[in-house]
Structures are given as C-alpha cells and as structure tokens.
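Heads up, the thing below is written out as structure tokens.
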Amino acid sequence: MEYQALATDILGHVGGKENIVSLVHCATRLRFKLKANQKADAEGLKKNPGVIMVVESGGQFQVVIGNHVHDVWQAVRKEAGLTDDAPAVEEKGDKGNLLGRLIDIVSGIFTPFIGILAASGILKGLLALAVVCGWLTPESGTYKIWFAASDALFFFFPLVLGYTAGKKFGGNPFITMVIGGALTHPMMIAAFNASQQPGAVSEAFLGIPVTWFNYSSSVIPIILAAWVSCWLEKQSTRLLPSSMKNFFAPLICLGVTVPLTFLVIGPLATWLSQLLANGYQWIYVLAPWLAGAAMGALWQVCVIFGLHWGLVPLMINNLAVLGHDSMLPMLLPAVFGQVGAALGIFLRTRDARQKMLAGSSVTAGIFGITEPAVYGVNLPLRRPFIFGCVAGAIGGAIVGFSDTHVYSFGFANVFTIAQMIPPGGVDATLWGGIIGTVVALVLSCVLTLVAGMPARSAPEAVAPAGENDVLAPMTGTVLALDQVPDTTFASGLLGSGAAIIPSDNRVVAPFAGVVASLFQTKHAIGLLSDSGIEVLIHVGIDTVKLDGKPFTAHVKVGDRVQPGDLLLEFDRQAIIDAGYDLATPIIISNSDEYREVATVAAASVNAGAPLLSVSHQ
C-alpha cells in the first residue's frame with residue numbers, strides 16, 4: 001500500500017491501535033480520540049516528512065496530513081484493523097473541558113461527510129452563476145437535475161446527521177437515521193404545509209397537541225434526538241434479556257424518541273436554532289465591519305488549534321433558519337490572506353525547497369486548504385503569518401461592511417465567490433465580497449515581499465559564471481522541462497532548466513559548491529555553486545510519497561562537493577514498480593538572476609558532461 005509506512009509510523013506514535021477510541025478525518029487532518037494522550041509522541045511524529053503538523057486541541061490528537069488525508073486515513077484504519085462496525089469505546093477519566101467536548105462532538109458528527117458537504121455547496125454556487133450568466137434557466141431539466149444533486153444532502157440533513165450522530169453517541173446509527181427520516185417524511189412535511197393554511201385544524205398525539213415544523217435542512221433537532229435515542233438504547237440493551245434486545249431496543253427507541261421529538265425536542269431545538277440565528281444577526285447588525293475584521297484576523301488561529309469546528313453548525317444553522325449566512329464570506333479574506341503571504345514567499349525566496357513548498361501551498365490554499373501554507377511556509381517565518389492575519393482582518397472588514405452573504409454552505413475557497421451570488425442576481429454585496437478577498441490577497445503578498453522575510457546579507461564576490469556551468473548530475477535521456485509530467489516543474493514556476501530520465505542509479509555533483517538543502521525523504525537535493533548558481537535536483541515525479549525508501553544520501557547539508565562527487569543513490573526499479581515517473585528535473589531556482597539558461601546537452605548525456613549553459617544579465 002502506498003501509505004503503509006506512514007500509517008505504521010502514525011499508529012506507533014499515537015500509542016498503538018489499543019490507544020485509539022475513534023478516528024475520523026476532515027479536509028486535511030486525521031482526528032484521533034485517544035484513551036490516553038500522554039501515550040502519544042507528538043514530537044516524534046512531527047519528524048515524519050509525511051506529516052505537516054501535530055495539534056492537540058478540542059480533546060483530539062490531530063495529525064495534519066494534507067490533501068491526501070483520505071488515503072492515509074484508509075491506510076491507518078487498515079493497519080489498525082478499524083472498521084465501521086467496530087463498537088464504540090466508552091471513554092474513561094477526564095473528558096476535557098466543555099468547549100473541548102463540544103468541538104469533539106461537532107467534528108465527530110460533521111467530518112465523515114465533509115467532502116460531499118463542500119461539493120454540494122460548490123455545485124449550488126455554480127448553478128447560481130450559470131443562471132446569472134444565462135447559461136441555464138430554473139425551468140430547464142438540466143438545471144433541475146443538477147439542483148437535485150446539489151440540494152439532496154441539505155434537504156435530507158436529518159438522515160445524514162442521524163447516522164453520524166448515532167455513531168458519535170455510541171448507538172445504532174441506523175436507528176437514529178430512521179428518526180431523521182421520520183422528521184423529513186413526506187407525510188410530516190404535508191402536515192406542516194397544511195398547518196400553515198388559514199383555518200387549519202390542530203392535530204394531537206395521544207391527546208397531546210402537536211406543533212408542526214419543517215425539519216428538512218435542520219441540524220439541532222436531529223442531533224438532540226440522536227443523543228436521546230442512544231441513551232435510551234443503552235438503557236434498554238442493559239435491561240432487556242439478550243433474546244429480546246435486538247428487536248425491542250430499536251422498537252423502544254423509535255416508539256419513544258420519534259413522538260418525543262415532534263412533541264418536545266423538535267419545537268425546543270427549533271426555538272434554540274432561531275435564537276442562535278437571531279442572536280448572531282443582532283451582533284452582526286451592530287457592527288458588521290468589526291465582525292468581519294475579527295473573523296478575518298482570528299479564523300486561521302482557530303484553524304491552527306482545530307477550534308473552527310465550533311462555528312460550522314452556526315453557519316449551517318444560519319442557512320437553515322435565515323436562508324443565507326454572512327459568516328462564511330468573512331472567512332474568505334482570512335484564507336486568501338495566507339495564500340497571498342505564501343505567494344509573496346514564493347516570489348521572493350531563492351531557496352529551492354522553500355519555493356517548492358510555497359508554490360504548492362498557494363495552489364492548495366486557493367481551494368481552501370491552508371494548512372500547508374500556514375504550517376509549512378508562513379508560520380515558521382512568523383511575519384508572513386501575521387501579515388496574512390492583518391490582511392485578512394482588513395479584507396474581512398470590507399466584506400462585513402458590504403453585507404455580503406452566501407446562499408449555500410461550503411468551505412472558504414475560490415468557489416465561495418459563486419455561492420455569494422444573490423438569488424436576484426449580481427449586486428453590490430457580491431462585489432464587496434470579491435474586493436475584500438482581492439485586497440487580502442494582494443496586501444498580504446505585498447507586505448510579505450517588502451518585509452516578510454529576514455533580509456539576506458550581501459553575497460560575497462564570486463567568480464563570474466561562464467559557459468557550461470551545470471554538468472549533468474546523472475546519465476540518461478535529456479527531456480525538455482516543458483515535457484515533464486508535472487505542471488509545477490513544466491510551467492517553469494520553480495525556475496528554468498532541463499530534465500533527465502536516468503539510466504543508472506546515481507546522482508553526482510554538477511559543479512563545485514555546497515549542499516544547501518536535502519529533503520528528509522532524500523528524493524531531492526538543493527546545491528549552491530561557488531559562482532552563485534542555485535540548483536534543485538528532484539529525482540522522479542511525486543516520489544516524496546515513497547517516504548525515502550528507494551533513496552540513500554551520501555552527503556548532508558553544508559557539505560562541500562566537487563564535480564562528480566556522489567550525492568545520492570536510488571533504486572530505479574523500485575520507483576518504477578511503485579508506479580512513479582523517473583523524469584528528474586534539474587532546476588536553476590535563481591534563473592531570474594541570469595539573462596539566459598540554455599540546454600547544451602544532446603538527446604542523451606553522460607554524468608559529468610555539460611548540461612546547462614548559464615549567461616549573466
């Protein structure tokens with residue numbers, strides 16, 4: 001399995017499978033609930049190159065992985081023998097403070113379907129964009145089918161939340177899912193619609209009057225009902241004979257919880273939902289620009305500690321009660337503030353490894369995944385992270401002042417702009433959201449370019465660069481850089497150069513200089529020549545996922561090397577068998593300091609022969 005080594009290491013550092021109470025994942029993180037957090041080794045786990053960061057917050061041990069978190073989650077589950085049918089483990093001892101327990105409950109209920117939740121919101125936004133642009137009409141069959149696809153999750157929220165809440169509360173998730181189904185049953189919705197008509201006759205359950213509500217898209221009623229059902233199920237299972245519990249425990253849960261929900265839990269939860277929504281609106285109306293500034297400044301801090309999950313139900317509740325939400329648009333500048341800071345680092349840095357990390361972080365951040373930018377690029381340098389928060393606050397204030405809303409749920413990313421389109425068409429509120437986001441992006445980028453990184457001391461005088469400055473570091477077939485099957489390298493974002501498809505297993509020094517950087521996975525190395533040329537040699541495409549297995553380093557950072565000195569060895573066949581491309585980019589990462597970088601090698605080249613010619617400005 002591709003991530004088996006990483007999964008084994010993670011499992012070992014969380015105290016083994018016997019220390020795991022539960023494991024879920026969100027967009028970028030594995031979220032462990034552990035029996036004993038003191039058995040976990042966070043510092044040891046941070047050293048793994050496949051782990052971005054480890055955060056202990058909200059009663060959870062959170063391992064930040066990145067975009068491929070679902071694959072790692074599956075690998076960890078397989079390694080630990082975890083299944084969906086595994087019984088819930090009763091937690092003992094200290095369960096943490098109230099906030100931590102709340103965040104743990106919320107994340108445990110919502111994270112299992114986080115991907116489809118975001119996708120549904122994006123599809124709703126794209127449909128709104130298509131209607132505004134005249135590409136579709138609400139009466140067309142195409143629109144209706146796509147609208148059903150985008151709206152199904154939200155309409156049937158009680159069913160989905162019933163299942164995940166049932167699992168979180170340690171009960172039979174199918175019982176709680178059926179309770180959610182009862183809340184959205186067509187007969188119940190018809191009863192609600194009839195109760196809204198003039199002269200409607202009130203109805204009762206066993207003589208007790210029933211107040212009908214439309215529970216489609218609701219959040220709080222089913223969560224409370226699921227908790228009651230799971231408690232009732234545990235008591236019934238404990239008291240009933242073993243021959244009866246399989247049938248009569250679910251019967252008791254349905255027979256009691258469903259009427260109780262329509263009579264008490266539902267009306268009470270609906271009142272609470274409206275209270276929360278109206279309370280938020282009251283605060284928002286008092287000073288929307290201040291609310292936007294606070295959210296723009298603090299959102300990424302909340303993300304770092306995993307506290308942002310506490311706000312997710314409030315956003316969904318606003319949409320269910322009010323039909324729109326003003327909180328989500330204020331988060332977009334916070335996201336793009338960090339993206340802009342990472343972009344500033346990408347444009348300024350001369351370090352090949354840092355430039356690669358920043359470039360990939362910008363791409364991920366545009367689609368709402370900011371952990372790589374925050375943990376890998378901005379936070380270690382401090383000032384870029386602060387600039388991102390400041391720019392997010394200014395952009396958020398603009399969004400709040402513009403009274404921008406979204407009309408479907410999602411997570412803050414570039415597609416959120418489409419979700420801001422009002423049902424009546426484009427207006428000033430949409431433009432306010434766009435302007436606030438652009439301001440955050442540009443301002444954080446400019447601040448980082450100007451003052452976001454420590455000033456470099458003036459370089460020592462070096463010999464002028466001449467022809468054939470970079471020799472071939474390996475033997476093989478020469479490939480033009482734009483033919484490399486990776487857009488980051490092929491586009492030239494990381495610098496000019498060429499690529500070689502190696503025919504042997506060695507990487508040697510292409511000039512006299514020093515080792516500037518060496519990836520922990522040993523698949524890539526950065527060099528600085530005595531004449532000031534910065535070179536990145538990246539063996540294969542996406543080979544970082546191999547966790548260093550096929551690679552052996554013969555140098556370390558700071559070592560001096562001469563042309564032809566052995567730098568790395570690698571197992572070509574192991575890389576091929578793992579399904580990865582052997583194309584090896586040789587990038588001059590400071591190529592913008594030179595007038596021209598030209599490939600001088602023929603179609604094939606031997607290690608030590610001229611490969612690249614560098615000419616001064």
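Just the heavy atoms: all of them, side chains too, but no hydrogens, waters or symmetry mates, feed the values below.
Contacts classified as side chain to side chain donor-acceptor pair (under 3.5 Å) and involving residues 7-19 (residues at least two apart or in different chains) are given here: T8-E79, D9-H13, D9-N48.
With hydrogens and angles disregarded, no donor-acceptor distance shorter than 3.5 Å links the side chain of R572 to the backbone of N505. A donor-acceptor pair under 3.5 Å is absent between the side-chain atoms of D559 and the main chain of V515, judged by distance alone. Between the S589 side chain and the L494 main chain, no donor and acceptor come within less than 3.5 Å of each other. Side-chain atoms of S444 come within 3.5 Å of backbone atoms of L441 as a donor-acceptor pair (strictly under, hydrogens ignored). Remark: side-chain polar atoms of D547 are not paired, donor with acceptor, to backbone N or O of K549 under 3.5 angstrom. Using modelled atom types, no side-chain atom of Q4 and backbone atom of A75 make a donor-acceptor pair closer than 3.5 Å. Distance alone, capped at 3.5 Å, places no donor-acceptor pair between the R506 side chain and the L566 backbone. Side-chain N or O atoms of D486 include none that pairs as donor or acceptor with a backbone N or O of A583 at under 3.5 Å.
Between the CD1 atom of I586 and the CG atom of L611 there is a distance of 5.5 Å, given to the nearest 0.5 Å. Considering NE2 of H538 and OG1 of T488, their distance stands at 9.5 Å, rounded to 0.5 Å. Atom CZ of residue R77 and atom CG of residue L23 lie 7.5 Å apart, to the nearest 0.5 angstrom. Note: I575 CD1 to T584 OG1 = 7.5 Å, rounded to the nearest 0.5 Å. Atom CZ of F336 is separated from atom CG of L443 by 15.0 Å, given to the nearest 0.5 angstrom. A distance of 5.0 Å separates CG of L381 from CD1 of I345, quoted to the nearest 0.5 Å.
Under the 4.5 Å side-chain criterion, counting only non-hydrogen atoms from C-beta, I366 is in contact with V339. Residues V51 and I65 form a side-chain contact, since some pair of their non-hydrogen atoms from C-beta on lies under 4.5 Å apart. Residues V507 and P502 fail the side-chain proximity criterion, which asks for heavy atoms closer than 4.5 Å. Annotation: side chain of L568 is not in contact with side chain of F551 (no heavy-atom distance under 4.5 Å). Side-chain contact between V63 and W73 is absent, with no heavy-atom pair separated by less than 4.5 Å. Side-chain atoms of I588 and S496, non-hydrogen and from C-beta on, never get closer than 4.5 Å to each other.
Results of the side-chain contact (heavy atoms from CB on, under 4.5 Å) test with D581 over I541, V484, I501 single out I541 as the only residue that passes.
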